[in-house]
Number of protein chains: 2
Amino acid sequence: MIVLDYRDKRPIYEQVVEKMEHLIVCGGLEANSKLPSVRSLAMELSVNPNTIQRAYTQLEQDGYIYTILGRGNYVTSRNEWQTGKFEALRQDFMSLLQKARDAGMPLSDLSAIIHEVYAENEEDVTHD
Amino acid sequence: MIVLDYRDKRPIYEQVVEKMEHLIVCGGLEANSKLPSVRSLAMELSVNPNTIQRAYTQLEQDGYIYTILGRGNYVTSRNEWQTGKFEALRQDFMSLLQKARDAGMPLSDLSAIIHEVYAENEEDVTHD
DNA sequence: CGAGTGTATTAAGATGGTTAATACACTATA
DNA sequence: TATAGTGTATTAACCATCTTAATACACTCG
């Protein structure tokens with residue numbers, strides 16, 4: 001379900017959060033489906049249960065999963081986290097765009113990247 | 001010249017690198033102008049000279065400054081780091097755009113943000 | 001020469017990530 | 001009711017990294 005990158009210098013719990021979030025956002029995990037238990041995932045990744053517990057706590061705070069005591073952790077439905085996710089992405093985009101503008105990066109470069117990633121969605125949109 | 005944010009949990013040397021880089025990229029520091037000495041900036045920020053030394057070493061590795069032994073640290077001219085900077089920004093954009101696409105963020109939202117930040121440069125660009 | 005500079009080394013303290021060993025409360029099931 | 005599986009909490013220890021501290025050395029400039 002998840003593979004750790006040991007060259008990654010970030011904490012393990014952050015990697016678990018990131019990869020779980022990616023799975024959920026991309027639809028790899030259905031809403032209300034059950035996640036691996038704290039102990040089983042810890043066993044699978046050869047890490048301590050506390051580390052997984054910390055990751056799950058973070059995911060719950062971010063709204064991606066919910067917990068039922070004694071039963072397990074489950075995936076939250078999309079509409080519960082999508083608004084917050086969009087806002088976070090907006091913040092990141094603002095920050096990154098300001099850096100790009102300050103560095104003198106041409107608007108055309110950004111446009112090219114956007115159209116490369118959003119290849120399917122092409123219709124109009126990107127100008128006034 | 002620089003103000004530290006003590007609520008920021010990142011290492012001090014990272015903050016110094018970030019703020020110096022920002023100053024250089026935004027033109028707040030001219031090419032070939034002299035930076036504060038390791039000891040004087042350490043004094044000014046009330047941190048250890050080793051911490052500033054580490055920041056300057058990082059800035060040099062990233063191509064933003066160059067060092068002359070016994071004389072000081074100086075700002076590199078724009079064309080020496082701009083290409084690398086653009087490439088790094090491109091990488092970040094790709095990564096962020098993929099996340100936005102996966103989360104189902106509409107192209108129109110991105111367009112709005114871009115036009116907000118790149119207000120002056122408006123011409124056409126963002127569509128084919 | 002002397003002051004200012006970058007650089008290197010070593011030791012110590014502080015913080016945070018991780019492991020480890022337990023313990024407790026809850027839920028589902030035989 | 002018992003048992004197993006679950007989330008959760010606590011405490012201690014280990015380790016890596018950031019930071020400070022105290023020095024020392026080589027270089028440049030006046």
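Sequence lines set the chain letters: A, B, ... in the order given, protein chains first and strands last, and positions in each chain run from 1.
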Side-chain N or O of [X] closer than 4.0 Å to phosphate OP1/OP2 of [N]:
{"X": "B/Arg71", "N": "D/dC29", "result": "yes"}
{"X": "B/Tyr13", "N": "D/dT19", "result": "no"}
{"X": "B/Arg54", "N": "D/dC18", "result": "yes"}

Most 5' of B/Ser46 and A/Asn50 on DNA chain D, judged by nearest nucleotide: A/Asn50

Please state whether the rings of A/Tyr74 and A/Tyr66 are parallel, tilted or perpendicular, taking 30° and 60° as the class boundaries. parallel

Nearest-angstrom distance from the residue atom [atom1] of [X] to [atom2] of [N]:
{"X": "B/Leu41", "N": "D/dT20", "atom1": "CG", "atom2": "P", "value": "12 Å"}
{"X": "B/Asp8", "N": "D/dC18", "atom1": "CG", "atom2": "P", "value": "14 Å"}
{"X": "B/Asn73", "N": "D/dC27", "atom1": "CG", "atom2": "P", "value": "17 Å"}
{"X": "B/Asn48", "N": "D/dT20", "atom1": "CG", "atom2": "P", "value": "6 Å"}
{"X": "B/Gln53", "N": "D/dA21", "atom1": "CD", "atom2": "C1'", "value": "16 Å"}
{"X": "B/Lys9", "N": "D/dT19", "atom1": "NZ", "atom2": "P", "value": "15 Å"}
{"X": "A/Lys34", "N": "D/dG5", "atom1": "NZ", "atom2": "C1'", "value": "9 Å"}
{"X": "A/Ile65", "N": "D/dT6", "atom1": "CD1", "atom2": "P", "value": "15 Å"}

Find which nucleotide of DNA chain C each of A/Ile12 and B/Ser37 is nearest to by heavy atoms, and output the residue with the more 5' nucleotide. B/Ser37

Position toward the 5' end of DNA chain C (nearest nucleotide), A/Thr51 or A/Gly70: A/Thr51

Crowded around A/Glu30 CD? As in, over 12 foreign heavy atoms under 6.0 Å? no

side-chain contact (heavy atoms from CB on, under 4.5 Å), paired with B/Tyr13, selected from B/Ile52, B/Leu59, B/Thr57, B/Thr51: B/Thr51

Hydrophobic clustering (ILVMFWY, side-chain heavy atoms < 4.5 Å, transitive) - are A/Ile65 and A/Leu69 grouped together? no

Mind listing the closest non-hydrogen atom pair of B/Val25 and B/Arg78 along with its distance? O-NH2, 2.9 Å

Between atom CD of B/Glu116 and atom CD of A/Gln98, what is the distance when rounded to the nearest 0.5 Å? 8.5 Å

Rounded at 0.5 Å granularity, tell me how far CZ in A/Phe86 sits from CD in A/Gln91. 14.5 Å

Can you give the first and last nucleotides of DNA chain C, 5' to 3', that have an atom under 4.0 Å from a heavy atom of chain B? C/dG4 to C/dT9

